[in-house]
Asks: 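Submitted below is the structure of interest, expressed as structure tokens.
In what follows, every chain begins at residue 1, and chains take the letters A, B, ... in the order their sequences are listed. Please read all numbers here as calculations on a predicted model, not as lab measurements.
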Amino acid sequence: MDALDHRSAVGQLSDDLRWLEEHCRQQPELAPHAGTLRLASALTRNVVGPFLENQPPKPLHLAVVGGAGAGKSTVVNFLAGTIVAEANPQAGYTRHPTAFLPAGPAFQWPSFLGFLGPLQRISQEQPANLDEDVYQVKRIPPGKPGAPDPLTDFVIWDCPDMTTWASASYVSRLMEVAALADVVVYVASDERYNDEVPTQFLHLLIRAGKAVVVVLTKAREADAPALVEHFNNEVLGRLPKLPDGSMPAVPVIVFPQMTPQERNDPSGAGARFRVQLLNQILVQCENETAARVRTVTNAAKYLGSAGEGLLDVARRDLGELDLWKSTVHAGRVEFEERYRREFLSGEQFRRFDRYRDQMIDLLELPGAGRVLSSVLWVLRSPYRWTRDYVAGLIGRPDVLNLSEQTVLSAALTGWLDRLQAESLKRAGTHPLWKSIAHGFDAGLAAQARDRFQQEFRTFELKETDELERAGREMVGKLENKPALLHMLRGGKLALDLVVIGSIIYLTWVPSWYHLLLLPIGVSATHQGAELVVRGAAEATRSHVRHERETLVSTALTGPLAAWLADWPATGGSNIERLQQVLRRVPLAIQQLEERVTAKASKMQQSIQSPPVATAGLSEPRA
Amino acid sequence: MTSDATTAEPQPLLRTLAPLLRGLERQLRAWLDARRRFPLTMIQRAELEGLADDLRRQSEALDVDKPLLVIMLMGGTGVGKSTLLNALAGGPIAQASFTRPTTRDPVVYFHHSVKTDRLDPALRLCRLAQHDRESLAQKVIVDTPDLDSNDLANRDKLKALLPIADVVLYVGSQEKYHDQLGWELFKEQRRRRAFAFVLNKWDRCLQTGETGLRPDEDLLRDLKAEGFQDPVLFRTTAQLWLDASNDAPANGPPPRPGNLPEGEQFTLLRSWLELGLTRLEIEAVKARGVGQLLSQLAGVVDGVRPPDLSAEADKVKESWARVLADEAGVQADVLVGTLEPYQTEVEHHFSVEGHQRFRGLMAAYLKLTTRLRYAGSSLRDRIPLTGRILGGGKVETPVEWNLGAFVQDCARAAGERVLDQRTTALINRLLVEADQRGFPVQLLNDPTNAVGRLDWRERITRTVIDALAEVEQVCTHPTGLRRALRGTLTAMANILPEVALIATAAVLLWNFFMHGQTPEMFRMLLVVLIPLVVIIVIHLLILLLLPVRWPAIRSEFRRRLETRLVDELERVYLPIPGEIATALQDERKQVDALVADTKQVSDWLAERQQAARVAELYGT
């Protein structure tokens, strides 16, 4: 598994998920799924991809998220230890993620392909346009010399909110950064902590396996313990359970209403709050490699467990495709039924009679015996005439059949009309049917007819072939077995002679009217032979009829039905892409999960657990 | 509010409006309940039902001397709705706490003179808090549950209450004034009710940064974009006022807290509620509310007006006629094809019919020859199993020639083999044709299916019998030259053989008696032979000049059958698009009437609207 292999797998998966996300955004009822899909694709790009490409675990990422006005910027300042982000009363003021790099020695900014997806890094102070997908990178100014800076290995991300009405346009940026983070600081104010939208976001983070630290802001200091308890019950108590069934452990810290001095001097007057927060974060990340491995493993697990759910949206659409396919199939069944009833049931295959006559001829004696045969033929003539006359009297003409061509084209029209009518009836229910109805407007029926014509040509050749072949085979069966043929001929001759002989013997001395029995006798033997041949021919005929039915199904309707059924999923349509995505994504997720697990276990063995980082952090106030 | 306002004459405007609204509601309900061709979507129906409910509610609320103005606080959890109400009431009537969400049951704050049963039924179930402040006598203030917490039931309660509100007091805080859930609800409701805005926790809004707007400016900007040029916005810090009134003695005016932030406007809010909303304003808000309701109703009803499809219907009719003609052709072919095995029977039948006009010797002769010629068909009927062995005859011929039963069997066979499947195919074809002419398929679906379910075999059988009878009629009763020819031949056939017989016999007798010639054997035979020759000659003439042969019958039969089938199909299918178009025209007229009535009421209202300053509560 080389890096290129990883890269293409990761790229493909995140592309597929991105595409699915876009697809959901275009359909109002699926729009709520878009956020989850974005998180999944961002996890693939920003976490799993770099890990498999052996990017260094440093820096760890720390994302500060929360509802509008909850105090994210204040928390960022406390993390940075100095005022870096402007706390602004305008709700939804921050619309782009901003990364704050530690003041210490510069480390390499992650530079692998696909990092942060569509977000572009900008260098100027303000983006030119609020709707641009960008992020900013700023450096934390160096603090007082000698002051300990426990977050030297962290990039702190100040994220936009997810609650204001403008957030729909930038929540994807939030997802992108939240996916990247190793630790997420979830900021909730005394007003917001039980709000639906942020809580759902918190659930999503927990499901994605992020380490979360909650900061409750703006509470009155006196209310703080009661508030934390209420929060624990109302919100944390209802978090989704971890895969192993336990409740996620989420530490909660309170940032009560602060004095301006405390707020404006995080590492001085406000240090008591800051230390609490830093401790909780460092507890989550004792070792950066371990922390990163945990982030990646959880991300992979999330992808593995959520994968099916992510694809549900695709399945819904493909359910409609299945409905279309079954409609096509029902049309095909009807087509064959019509062919069978309108044409095949009345078709007598008259050309087949030729082979029957050939068979009867074969039973006549060859060479010198021909004379004898002729004599017998003359003897049988009165019987034959009588028989033919009677048959002509009582036989009926056949039902006049519609020609095969007529039946086929009518059945095809019926099939296509049925599909078109169905698509028109359902056009309002799903885009798939609408696109099919458009397809019919744009000449889908004509294309189908062309296709049918092509297939019909081969079918026509085959059906003539089939008939001739079956007839020749029937005759050939007898012709190619001289022993059997001679036996039959001999048998028939012997039977004739026996009949003649026994008539003469029984009526000895025969008078003229006794001799009249002779033609009757030989006619009876011949009639018997003919009945046997007729039976054989009828059996072959019904076999041919059956064969024809199969031929129509395989050569004519089968290919057309397959083409029609797949029509919505060809030509670069959404459905085609959906099918591909549905096929590829579970495989890709499974692969990535395996690779991550393999690599993670290898790395975990190699970690010689270093001394706990928090040990070095004493009260910085001192 | 002054005492003279309460004692003044009841305003005629709103009371007159009440029956008008009731009338409109009845009309709307009747229209909704009526059966219609053009379907309403579920959303449209729900919207109209909601509007009908609103009409009823408004008509009831207005049918009193002094209508109550319902002011509803709406906002996210924790923005301070309950605190605001408590501050207004000067005491803890609504529960306010840091636990979110706090308010689960709405609180209704109203004057003790208002009887509970005058409140809207939805309000009677809430927590009721009465007061004795005359200045708020005609107003009901409602504190509602939140719209954004994890407790989704609260949101439903709020949405159930909102239709009652005349004025919505949209409460926001520094954190939440911009929130999506509240803003969407505002946008959904703003066309229906008056909106005023409160930015609570004003103290938190004042920590301005270097960049970014102050929340009130931001909110004003957003409202401007929504069409509120000059919205009523109050910046309040309700908590401070509540704290101050808690500390103050129970009676007396609420004291002014000392540490108010700059620009705090709670007193403005209170005086707007108490004094700003005078009787005139209440009337105006109510009237405007009704006006908005009416214009929304007109808009929605206008939106469900069915399209005019008469032009399309004509086009569809034209194209359907073509399709049906083709179909009739094929059906006729199929039916004639099933008659094919019985051509001898048909010929026989026709011959027998044709021979009934002959009498005497000719009749006897024809009976004999016909019997000989068609011996097969009666023979076949008497031999069992012939059908199976000789093939071709799925249909059993009735022993007695019975046209009805015979044709029924043929139609059944044709139906089983071909026609049943053609009906669904035909309907699909028709739908596709209609779609290509721009006629909505959904409308045609049910009627065409209903036609498809008719008993087509029965109809076809009747058509075949009629056509056959008609052909028989034509064959046995020819017109014009053929009639003359036939008359001549019949006359000849009925007279000549007898004449020949008598003449020959007479000649023989004459010779015998007059000349005493004893006739020899041959002469005797001539008595029989000469009439026989005459009969045979006449028969040949009949066969030559008036043939009754299957091909002739067949083509005539097919032609007539096709005409009849076309008639039959057209009779059933062709009127459908026209009927639908006419029905839609009627429905359009109904909608137009409803819209016109609504417009009439709203125009009437607009003419009488008083010049009160409420425009800023509505925006544009």
Side-chain angles (χ1 to χ4, degrees), chain A residues 67-70 86-93 163-168 189-197 199 219-220 223 226-227 230 234-235 238 334 337-338 341-342 345-346 348 391-402 406 410 413-414 417-418 420-421 424-425 428 437 440, chain B residues 76-79 98-101 148-150 152 173-181 183-184 204-215 218 330 333-334 336-338 340-343 375-376 379-380 383 386 390-393 416-418 421 424-425 428-429 431-432 435 441-442 445:
Chain A
E86 187 194 330
N88 193 305
Q90 184 185 350
Y93 177 71
T163 56
T164 62
W165 53 264
S167 70
S189 69
D190 66 335
E191 229 176 280
R192 281 228 183 264
Y193 68 86
N194 203 7
D195 276 12
E196 189 201 1
V197 177
T199 311
R220 293 191 198 198
D223 295 336
L227 181 61
H230 188 67
E234 287 288 307
V235 180
R238 293 177 188 171
E334 193 188 291
E337 177 75 14
R338 279 184 74 166
R341 289 218 226 167
E342 296 181 21
S345 69
Q348 297 298 326
L393 269 184
I394 62 177
R396 284 189 194 283
D398 293 331
V399 172
L400 205 62
N401 229 10
L402 294 174
T406 318
T413 310
D417 283 347
R418 174 187 178 137
Q420 190 172 2
L424 289 172
K425 284 180 208 163
F440 272 107
Chain B
T77 177
V79 297
F98 64 83
T99 56
R100 310 264 168 265
D148 60 354
S149 80
N150 283 314
L152 299 181
S173 68
Q174 179 260 322
E175 286 182 36
K176 293 200 166 171
Y177 71 91
H178 225 145
D179 270 13
Q180 188 177 11
L181 291 169
W183 194 253
E184 273 169 7
R204 292 191 185 179
C205 299
L206 292 173
Q207 309 154 351
T208 47
E210 293 159 26
T211 50
L213 293 169
R214 210 169 60 183
D218 195 20
V330 179
D333 280 343
V334 170
V336 172
T338 52
E340 199 78 5
Y342 305 102
Q343 40 182 280
L379 183 63
R380 179 167 42 219
I383 302 172
T386 43
L390 297 165
E416 257 165 28
R417 281 193 58 210
V418 182
Q421 299 158 76
T424 38
N428 284 336
R429 174 82 257 169
L431 291 182
V432 168
D435 177 69
V441 168
Q442 315 297 347
N445 220 346

Asks: Can you see which heavy atom on B/Ala425 is nearest to which on A/Asp417, and at what distance?
Replies: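 Nearest pair, atom of B/Ala425 first, then A/Asp417: O-OD2, 4.5 Å.
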
Asks: Do B/Leu431 and A/Lys425 touch side chain to side chain, with heavy atoms closer than 4.5 Å?
Replies: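 Yes; the side chains approach each other to less than 4.5 Å.
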
Asks: Return yes if a side-chain donor-acceptor contact under 3.5 Å exists between B/Thr77 and A/Glu191, otherwise no.
Replies: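 Note: B/Thr77 and A/Glu191 side chains miss the donor-acceptor criterion.
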
Asks: For the interface with chain B, which of A/Ser189, A/Ser167, A/Gly92 has the highest count of heavy-atom pairs at distances below 4.5 Å?
Replies: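 Looking at each option in turn, the highest pair count goes to A/Ser189.
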
Asks: Measuring heavy-atom distances to chain B, does A/Arg220 have an atom under 4.5 Å in its side chain, in its backbone, in both, or in neither?
Replies: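 Looking at A/Arg220, just its side chain touches chain B.
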
Asks: So how far is it from B/Asn150 CG to A/Glu234 CD, rounded to the nearest 0.5 Å?
Replies: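 So the gap between those two atoms works out to 8.0 Å.
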
Asks: What part of A/Thr406 is in contact with chain B, defined as an atom under 4.5 angstrom from a non-hydrogen atom: side chain, backbone, both or neither?
Replies: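 Neither part.
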
Asks: Under a 3.5 Å threshold, yes or no: a donor from one side chain and an acceptor from the other, between A/Asn194 and B/Ser149?
Replies: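 No, no side-chain donor-acceptor contact under 3.5 Å.
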
Asks: Can you tell me which portion of B/Asp148 sits under 4.5 Å from chain A's heavy atoms? Options are side chain, backbone, both or neither.
Replies: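 Contact with chain A: backbone and side chain both.
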
Asks: Return the CD to OG1 distance between B/Gln180 and A/Thr163, rounded to the nearest 0.5 Å.
Replies: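 Reported to 0.5 Å precision, the distance equals 8.5 Å.
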
Asks: Are the side chains of B/Pro215 and A/Gln90 in contact, using a 4.5 Å heavy-atom criterion?
Replies: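 Not in contact.
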
Asks: Please flag which part of A/Ala410 lies under 4.5 Å from any non-hydrogen atom of chain B: side chain, backbone, both or neither.
Replies: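 When you check distances to chain B, only side chain atoms of A/Ala410 fall under 4.5 Å.
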
Asks: Under the side chain to side chain donor-acceptor pair (under 3.5 Å) rule, collect the residues that match up with A/Thr164, sequence neighbours excluded.
Replies: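 Residues passing side chain to side chain donor-acceptor pair (under 3.5 Å) with A/Thr164: A/Asp161, A/Tyr170.
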
Asks: Out of curiosity, B/Asp435 CG to A/Phe440 CZ, how far, rounded to the nearest 0.5 Å?
Replies: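 Those atoms lie 11.0 Å apart.
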
Asks: If we define contacts as heavy-atom pairs under 4.5 Å, which of A/Gly414, A/Ala166, A/Ala70, A/Ala168 has the most with chain B?
Replies: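 When all of A/Gly414, A/Ala166, A/Ala70, A/Ala168 are compared, A/Ala70 has the most.
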
Asks: Heavy-atom distances under 4.5 Å only: say whether B/Val336 touches chain A with side chain, backbone, both or neither.
Replies: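 Contact with chain A: none, neither part.
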
Asks: With A/Arg418, which residues qualify under salt bridge (charged side-chain N to carboxylate O under 4.0 Å, His left out), at least two apart?
Replies: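 A/Arg418 satisfies salt bridge (charged side-chain N to carboxylate O under 4.0 Å, His left out) with A/Glu334 once adjacent residues are dropped.
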
Asks: Quick check: closest heavy atoms across B/Asn428 and A/Ala421, and the distance to 0.1 Å?
Replies: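 So the two residues come closest at OD1-CB, 3.4 Å.
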
Asks: Between B/Arg100, B/Arg204, B/Gln174, B/Glu184, which residue shows the highest count of heavy-atom pairs closer than 4.5 Å to chain A?
Replies: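 Maximum pair count with chain A is reached by B/Arg100.
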
Asks: If we only count heavy atoms from C-beta on, is the B/Thr99 to A/Tyr193 side-chain gap below 4.5 Å?
Replies: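 Yes, side chains in contact.
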
Asks: So, taking the atom named OH in A/Tyr93 and the one named CG in B/Leu213, what distance separates them when rounded to the nearest 0.5 Å?
Replies: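 With rounding to 0.5 Å, OH (A/Tyr93) is 8.5 Å from CG (B/Leu213).
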
Asks: Checking B/Gln442 against chain A: side chain, backbone, both or neither under 4.5 Å from a heavy atom?
Replies: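 Looking at B/Gln442, just its side chain touches chain A.
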
Asks: Can you say whether B/Asp179 sits under 4.5 Å from chain A via the side chain, the backbone, both, or neither, judging by heavy atoms?
Replies: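 For B/Asp179, heavy atoms of backbone and side chain both lie under 4.5 Å from chain A.
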
Asks: So do the side chains of B/Phe98 and A/Leu227 get within less than 4.5 Å of each other, counting heavy atoms only?
Replies: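 Heavy-atom side-chain distance check passes, below 4.5 Å.
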
